[in-house]
Every structure is written in structure tokens, then in C-alpha cells.
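As C-alpha cells, the structure follows; a few thoughts come after it.
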Amino acid sequence: GGGEEASDLAGPAGVSTADARPAIAVLPFDNFSPDPEDAYYADGVHEDITTALSRIGGLRVPGRSSVSRFRDDRPSTQEMASALGVDYLIEGSTTLVGATARVTVQLIDGQTDEHLWAEEYDHEFSVDQLIAVRSAVAQAVAAELRTLITPEEEARIAALPTQSQEALELFQRAWYRWNERTEAGVQASLRLFQEAVDLDPGFAEAHGGMADAYLVLANWGWMDHRDGHRRGIAAAERALELDSLNAGAHASLGALHLWSTRDWARSEEHFRWAIQLDSEYAYAHYWYSALLSALGRHEESIREARWAESVDPLSPQIAYGVSRALFLAREYEAAARQASDALDVYPDYGPLWAQLCRLRAIQGELASAEEACRREQEVSGLGRTLSMALVRAQEGDEEGAMAEMDGVARLQGDDELQPIIVAMIYAGLGNTDAAFERIEHAFSQDHPYLEYLPSNPFFDPLRGDPRFGGFLARMGLGR
């Protein structure tokens, strides 16, 4: 090949993935069990094999949210391999009948569609058998791709997460519900993780799952954020007491310290651990990028966001993270291009429309901003949004901004509006005292998103006021 391969090596703009390691994606497994409810098991085996392969330092494995795009819609092998930026694909299925399970796995060349290896595993439905299948697949794939597995990696892949069959089943069901990313799904996952931990208090990964559930529930306004953050920190710390090499628990603790305790040094320490233990975990890079933006380290933030994108190239949330990092670095055109390109692929992802709306508003392109806000309202099914209130504030339309906020408040019922977003709206309207009152409230109640204060351009109208410097100093972010 001529110049084409060379340009491909650059990967997502600006990240050199000139990486000689074979790259392999594990596609979602099909559930061939008679009972459709057993889809959780197909998901669990898929997750297990993905995790096992990502623990092999000699392989590159893209993130789960990217491969989930191909759950129901499977284009050609070449198209999927190209979209995921991989050389090989793994396809598989599971069948549960009573106490017996069958797992079939095949390894496919992403360029030629050639089936390089296939195996069928019939086993009883038990923890050690499940882990034996995971290890066998990892070893067979590594051998086929001539990749070495170190003794440490092998031990980690073969380690039993729990002795309890019932706890493992609850854990798999919990992740299945968590991945729905709905309020009901995440609440259900928390109950299931808790049941798994009740059965086996030493089940580190289940404690880590609880931490992730609390993080989402608290940040998305689905439970009291202070209570959620506190419980999330306790669960993640317990997971690390049981297994100090749990990359996911380190990443969750990094995020919880970023949004809750605002202990920037501890947050960074946990993110660095997470990335060292599993450099392919996209969310560790995504959250670390948010911390780096808060600390004014914008080049590093953009680099982490791009790294997340290189390991999870088809995730709308990760694409949003790249746009956010560029926005906070005030590279508005690059940020808008990132959001627009991602919206071509995910036209129904509301947060990207909200991001484009904020970008256009800060650039003074208010008609485009309004259009993006309308699209956000359409795809999220909401008649009112805080993004539109921000646009109204930039237009100097106080009545419109307040009406929009009142509308959002009515839609949310008991839940309080995010005080930091409301402060941005007041800042845009020139109502400085109201803006500072909301920032003070966010401080006293430990609301998330205070980390936006140092860099977010919507706070520019407040930066000349001595109170603003006082807040930054209290956050340990004095500029």
C-alpha cells in the first residue's frame, strides 16, 4: 500500500497509534438460549472475554461502547474492522440450557474475512468453568496472533472473581442492567451488585460495579449527589482494598474525587494508576481529561481525550469529551468540527447537540446556536433545556432565559437545577450577584461541575470580580 496505510496510523486526529500490536475487537455475543432473558449471560461472556484480552499487554482491544454499535446491525467484516480500527474480530454466541452452557467463539481476519480459528466450549454453568473458558479463549487467540502472555497476565486472566456461582450470576445481570444507562436500569444494577456483595463480601469487581452505579446515579441527578458520591467512594475504596490492581475502581475513585471531594491530587493519582493498569479503559482517559481541563493543563487534556477516542472510536460520549476538552481550551472551531463530525454518526445523541449549541452561543452565532438547541430538544424529547436558556442569556433576553429555566424546573419536579449551569446563565444576563449566589450554593452542597469554573468561557463576565478569584482559591485552583 502507498500513502493510505501511513495516514491511517495517525489514528484519531493527533494521537499516534502507530502501534505494532495486533488490534482485535470482540463483537457482542449472540444469545441462542431458548429463554431471551438469558441475554445477560451472552453479555457477561462477551465482557469476560473482552476483559481477558485487554489484560494482554501485547494486544490492543477497543472499548465496549464502540463495539456495542454492532449489536443488532452487522455490516461487512471489512467495514466493522475499519470503523473500529482493528485487524481482527471475534464473534461468538452463548446457549444456556438448565445447568449447562455452550460458548462458541471464532476469530476472523478483518481484511480477508477468513476464519482463522473457532472453538466450541460445552461446560457446566459454574464460576471455575466460566473462567476456564475465558482463559482458554485468551490463550488460543494470543497463540493464533503470535502474542506472548506474561505469567502475571495469565494469573490475572485465570483468577476467580468470586467462588459463588450465584454472586457471579447477579454480577452479570447487574452489568446487563447498568449498560441500559436508564434510571431504572442503573437503580436495578445497584440492587443486583449489592446482592452479589451480600453473598460474597470479598467480590472486588462487584464493589467496583456499585461505585460505578453510584457515580452515574449521583451525577445524572437520579439520587442525592452527596449521598451517592459518599457511597461511591466507600464502594471503590473497598474494591481496591480487595484488589489493588482493579483499574476500573481506580478510575471511578479518580472521577469521584474530581466531582465530589475536589481533591485534585488524589483524583490524578487514581487516574494515573487506572491508565497504568489498563491503558485501553477509555473512561479513565475521558475523566482524566476533565480533571486536566480544570487544572488548566489543556494540551494534556486534549491528548487524554484523543487517547480515549483512539481506544473507543465509535462512542458518542467519548467524542463529546474531545469536543469538551477543545472547548475549554478555547479552540472553538476544532471543538465545533469534532461535535459536528460525531453528530453525522450519532444524530440522536442529545449532549452533542447541547455542546454544539454552547459553542455557537459563545462564538456569537446565535441563530446556529438556537438551531442546535432545538435539535437537542427534539432528540431528548424535552420542550425546555438549560442550553436554550444559555442562548437566551447570550441574546440578552432575560424573560426568555427565565421562562426556559422555569420550564426545565417544572419538567424536573423535585430535582434541583444544576447550580453551576444556572450560574452561567445569570453570568450571561449580567446578573452577577445571582450567579455568585448559585456558585456559593454549589460549593456548600458539593455539587458536581465546579471544576468548570477556571476555564469555562461562560464565566468570563465574572472573572474581573474579586469574588471569582476567591472561589478559585478556595478550590485550590488559583490562577
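Everything quoted here is computed from the prediction, not taken from an experiment.
Counting heavy atoms from C-beta on, the side chains of V141 and V105 never come closer than 4.5 Å. For the pair V379/P347, no side-chain contact is recorded, criterion being any heavy-atom separation below 4.5 Å from C-beta on. A heavy-atom distance below 4.5 Å is not found between the side chains of V311 and S66.
From E119, atom CD reaches atom CD of Q106 across 11.5 Å, with rounding to the nearest 0.5 Å. Of the inter-residue distances, the one linking S315 atom OG with E309 atom CD reads 9.5 Å to the nearest 0.5 angstrom. To the nearest 0.5 Å, atoms CG (D38) and CG (N31) are separated by 6.0 Å. Once rounded to the nearest 0.5 Å, the distance linking CE of M223 with NE2 of H225 reads 11.0 Å. To the nearest 0.5 Å, atom CG of residue L27 and atom CZ of residue R74 are 4.5 Å apart. In this structure, the separation between CG on L253 and NE2 on H250 is 8.0 Å, given to the nearest 0.5 Å.
For G350 against E376, the heavy-atom pair with the smallest separation is O-CG, 3.6 Å. Residue P313 comes nearest to L84 through the heavy atom pair CG-O, 3.8 Å, listed as atom of the first residue, atom of the second, then distance.
By the 30° and 60° cut-offs, the orientation of the rings of H285 relative to W307 is tilted. Between H123 and Y41, the ring planes are tilted. Angles from 30° to 60° get that label. Taking the six-membered ring for Trp and thresholds of 30 and 60 degrees, H257 and H270 have nearly parallel ring planes, at less than 30 degrees apart. Between W222 and W220, the ring-plane angle classifies as perpendicular under the 30° and 60° cut-offs.
If you look at Y452 and F459, their ring centroids are not closer than 6.0 Å. In summary, the aromatic rings of F271 and Y288 are positioned with their centroids under 6.0 Å apart. Taking the centre of each ring, F193 and W175 come in below the 6.0 Å mark.
If you run salt bridge (Lys or Arg N to Asp or Glu O under 4.0 Å) between D43 and each of R64, R177, R173, only R64 comes through. Screening R358, R337, Q355 against S323 for a side-chain hydrogen bond (donor to acceptor under 3.5 Å, both in side chains) leaves a single residue, Q355.
The list of disulfide bond (SG atoms under 2.5 Å apart) pairs with a residue in residues 227-318, not counting sequence neighbours, is empty. Listed by first and then second residue, the side-chain hydrogen bond (donor to acceptor under 3.5 Å, both in side chains) pairs involving residues 86-96 are S93-T104 (not counting sequence neighbours). Sorted by first and then second residue, the disulfide bond (SG atoms under 2.5 Å apart) pairs with a member in residues 292-361 read C357-C373; sequence neighbours excluded.
A salt bridge links R330 to D460: at least one charged side-chain nitrogen sits closer than 4.0 Å to a carboxylate oxygen. A salt bridge links E237 to R266: one of the charged nitrogens lies within less than 4.0 Å of a carboxylate oxygen. With respect to the salt-bridge test (charged N to carboxylate O, under 4.0 angstrom), the residues R156 and E152 do not qualify. A salt bridge is defined here as a Lys NZ or Arg NE, NH1 or NH2 lying under 4.0 Å from an Asp or Glu carboxylate O, and R102 with E120 meets this definition.
At distances below 3.5 Å, not a single donor-acceptor pair connects side-chain atoms of H46 with backbone N or O atoms of D30. Side chain of S340 to main chain of A336: a donor-acceptor pair is present (N/O by atom type, distance under 3.5 Å, no hydrogens or angles). A donor-acceptor pair is defined here as one N or O able to donate and one able to accept, closer than 3.5 Å; no such pair exists between the side chain of W353 and the backbone of L343. A donor-acceptor pair under 3.5 Å is formed between the side chain of S54 and the backbone N or O of T51. Not a single donor-acceptor pair under 3.5 Å links the side chain of R306 to the backbone N or O of I302. Without hydrogens or angle criteria, Q129 side chain to S126 main chain gives no donor-acceptor distance under 3.5 Å. Without hydrogens or angle criteria, Q165 side chain to V127 main chain gives a donor-acceptor distance under 3.5 Å. With hydrogens and angles disregarded, no donor-acceptor distance shorter than 3.5 Å links the side chain of E114 to the backbone of D109. A donor-acceptor pair under 3.5 Å is formed between the side chain of S455 and the backbone N or O of S293. Listed for the R21 side chain is a donor-acceptor partner under 3.5 Å among the backbone atoms of G57.
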Show me the donor-acceptor pairs, under 3.5 Å and distance only, between side chains in residues 198-209 and residues at least two apart or in other chains.
residue	atom	partner	partner atom	Å
D198	OD1	Q194	NE2	2.9
D200	OD1	G202	N	2.9
D200	OD2	T162	OG1	2.6
H207	NE2	P201	O	2.9

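Counting heavy-atom neighbours within 6.0 Å of E166 CD, excluding the residue itself, gives a total of 12 or less.
Judged by a 6.0 Å distance limit and a 45° cone about the ring axis, R324 is positioned over the six-membered ring of Y286.
With sequence neighbours excluded, no residue forms a side chain to side chain contact (heavy atoms under 4.5 Å, CB included) with E299. Residues forming a side-chain hydrogen bond (donor to acceptor under 3.5 Å, both in side chains) with E300 (at least two apart in sequence, or on another chain): R297.
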From CA spacing to verdict: side-chain contact (heavy atoms from CB on, under 4.5 Å), Y283, I318: CA-CA 8 Å; Y283 283 94; I318 299 292; 4.2 Å; yes

Applying side-chain contact (heavy atoms from CB on, under 4.5 Å), run through W264 and M475 and close with a yes or a no. CA-CA 9 Å; W264 316 116; M475 290 171 74; 3.9 Å; yes

Begin with the C-alpha distance, continue with both residues' side-chain angles, and end with the deciding distance and a verdict on side-chain contact (heavy atoms from CB on, under 4.5 Å) for E304 and I275. CA-CA 10 Å; E304 289 298 327; I275 288 164; 3.7 Å; yes

Take E451 and L291 through the test side-chain contact (heavy atoms from CB on, under 4.5 Å) and record every step on the way to the result. CA-CA 7 Å; E451 75 277 6; L291 170 68; over 6 Å; no

